[in-house]
Amino acid sequence: MTPIDGLPEGLTARPLTHDDAEAVTAVVAAEEVIDLGEPEVTVEDVLSDWLRPSYDITESTVGVLDGDLLVAYGDHSGPDIGYTAVLPAYQGRGIGTAIAHWLQAKARAAGSPRIGTQVAEGSAADRLLADLGYEVRWTAWDLELPADREISARPLPDGFTLRDAEDADREAAWTLVEDCFLEWSDRERMSLADFGARVWDRGGFEPWNLRLLVAPDGEVVGATHVFLAGEGGYVARIAVRPDHRGRGLAPPMLVDAFARAREHGAVRCYLSTDTRAGARGLYEKVGMEVASTWVNRAITL
């Protein structure tokens, strides 16, 4: 059993295992239905995080149970990143507060000066974190390309091409994406193995999920990671090397990602961005609309 202070009487806690992935997905999805109107999380989302080589699920998670039913969970996903969800029927009983304190203790023990998470703006979780003293660091949005919206063709400049990544391209793709994302995100570089767990080792991966932008000289100067999540096509990563920005490359890359997703059955296409990246305007120019707003909250330990 895992010690966690402040749980209501009758509830128990223990570390999670990979076999709990579906139960965790169900808890998160139940919250999303309340906060967003529909579930977005998939089992593959949960497992791709848990299967990172650097991650220890036993040390990093806690599940709260009512008998055999998982009613809440906490996940110390990174040094200063925590995830949690509580079944709506069990909210308001102090479970979220208990898990928040557990996550703070895990982050403090790991030497992190803070712990934060991203929650739907105005949700029960948002209100709870505000009451606990978590401050907003940035605002994020999920943007969606409506199902009935046609994708306007966006040709690449002469000499540039898009193709599926091959095994030999993986290190180059990782380097390019991480270099670009670390321009604005405050975190350590993700290892190649952990990156792979979220990309080519993700359940259901197919070659079209990782697309590369190749310059006329044969160099890889951009990358897009897109995959199916239910009926949706999710653009998880898009990056263009700094020395090739301002040339109209990103819009054709997005259009290509949407087209590939629709070819493989996606009814809608979506992605996430936040105020640090400054890319919302780009996505709106290709026809995307804000579907939900999120806030990243953190507390100094």
Side-chain angles (χ1 to χ4, degrees), residues 44-45 47-55 77-81 118 138 140-143 154 156 160-215 217-229 233-261 269-283 286 288 296:
E44 290 79 14
D45 293 330
L47 284 174
S48 65
D49 255 11
W50 287 358
L51 293 175
R52 287 173 290 156
S54 67
Y55 181 80
S77 180
D80 65 348
I81 302 171
Q118 196 150 289
W138 60 80
W141 304 275
D142 284 346
L143 292 100
R154 299 291 183 101
L156 286 165
F160 287 84
T161 57
L162 280 161
R163 63 170 175 83
D164 294 347
E166 300 176 355
D167 290 356
D169 297 312
R170 289 177 173 180
E171 186 167 353
W174 160 68
T175 300
L176 187 149
V177 172
E178 281 294 281
D179 284 349
C180 292
F181 275 58
L182 287 171
E183 291 176 27
W184 50 264
S185 58
D186 181 17
R187 61 172 175 79
E188 295 296 319
R189 178 178 292 271
M190 191 184 305
S191 70
L192 175 61
D194 280 7
F195 184 86
R198 290 176 167 173
V199 182
W200 46 79
D201 290 332
R202 178 187 171 88
F205 176 82
E206 296 182 20
W208 66 271
N209 295 144
L210 183 59
R211 300 277 287 171
L212 300 182
L213 175 69
V214 182
D217 62 2
E219 286 196 63
V220 174
V221 297
T224 310
H225 176 213
V226 56
F227 56 81
L228 296 181
Y234 184 64
V235 180
R237 296 165 180 82
I238 181 169
V240 176
R241 212 170 70 184
D243 59 332
H244 281 73
R245 292 174 192 163
R247 306 179 67 176
L249 297 170
M253 292 170 67
L254 271 178
V255 170
D256 174 79
F258 298 152
R260 299 288 82 73
C269 297
Y270 61 106
L271 54 74
S272 301
T273 191
D274 63 53
T275 48
R276 298 172 301 167
R280 175 175 163 178
L282 163 67
Y283 303 138
V286 298
M288 305 194 80
N296 187 289

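The first residue of the sequence shown is numbered 1, and numbering continues consecutively from there.
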May I ask you to test the [X]-[Y] pair for a side-chain heavy-atom distance under 4.5 Å?
X	Y	result
R198	M190	yes
Y283	I238	yes
D49	S77	yes
F195	R52	no
F205	F227	no
E166	L212	no
R202	L47	no
W141	T275	yes

Side chain to side chain contact (heavy atoms under 4.5 Å, CB included) evaluation trace for R189 with L182: CA-CA 7 Å; R189 178 178 292 271; L182 287 171; 3.8 Å; yes
R241: salt bridge (charged side-chain N to carboxylate O under 4.0 Å, His left out) partners, not counting sequence neighbours: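 For R241 the salt bridge (charged side-chain N to carboxylate O under 4.0 Å, His left out) partners, ignoring immediate neighbours, are E219, D243.
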Those residues that, when tested against E44, pass salt bridge (charged side-chain N to carboxylate O under 4.0 Å, His left out) (two or more places apart):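 Here no residue qualifies.
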Minimum heavy-atom distance between [X] and [Y], given as atom pair plus value:
X	Y	result
D194	P53	OD1-CD, 3.0 Å
L282	A250	CD2-CB, 3.7 Å
A173	L210	CB-CD2, 4.2 Å
E183	P242	OE2-CG, 3.2 Å
A197	S48	O-CB, 3.5 Å
V286	P251	CG1-CB, 4.0 Å

Partners meeting side-chain contact (heavy atoms from CB on, under 4.5 Å) with N296 (sequence neighbours left out):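 Partners of N296 by the side-chain contact (heavy atoms from CB on, under 4.5 Å) criterion, ordered by chain and then number, come out as Q118, R137, W138.
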side-chain contact (heavy atoms from CB on, under 4.5 Å) involving S272 - partner list, sequence neighbours excluded: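 Counting only residues at least two positions away or on another chain, S272 forms a side-chain contact (heavy atoms from CB on, under 4.5 Å) with D142, Y234.
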Electrostatic pair E178-R187, nearest N-O below 4.0 angstrom: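 Yes, this pair counts.
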Rounded to the nearest 0.5 Å, what separates atom [atom1] in [X] from atom [atom2] in [Y]?
X	Y	atom1	atom2	value
C269	L228	SG	CG	9.0 Å
W174	W200	CH2	CH2	9.0 Å
M288	T273	CE	OG1	10.0 Å
R237	L176	CZ	CG	13.0 Å
L213	L249	CG	CG	5.5 Å
T224	L254	OG1	CG	7.0 Å

E206 atom CD, neighbour heavy-atom count above 12 within 6.0 Å: yes
CG (D217) with more than 12 external heavy atoms under 6.0 Å: yes
Trace of the side chain to side chain contact (heavy atoms under 4.5 Å, CB included) decision for V235 with H225: CA-CA 6 Å; V235 180; H225 176 213; over 6 Å; no
Contacts of D256 that satisfy side chain to side chain donor-acceptor pair (under 3.5 Å) - sequence neighbours left out: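 Scan of D256 (side chain to side chain donor-acceptor pair (under 3.5 Å), adjacent residues dropped) gives R211, R260.
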Contacts of E188 that satisfy side chain to side chain donor-acceptor pair (under 3.5 Å) - sequence neighbours left out: none
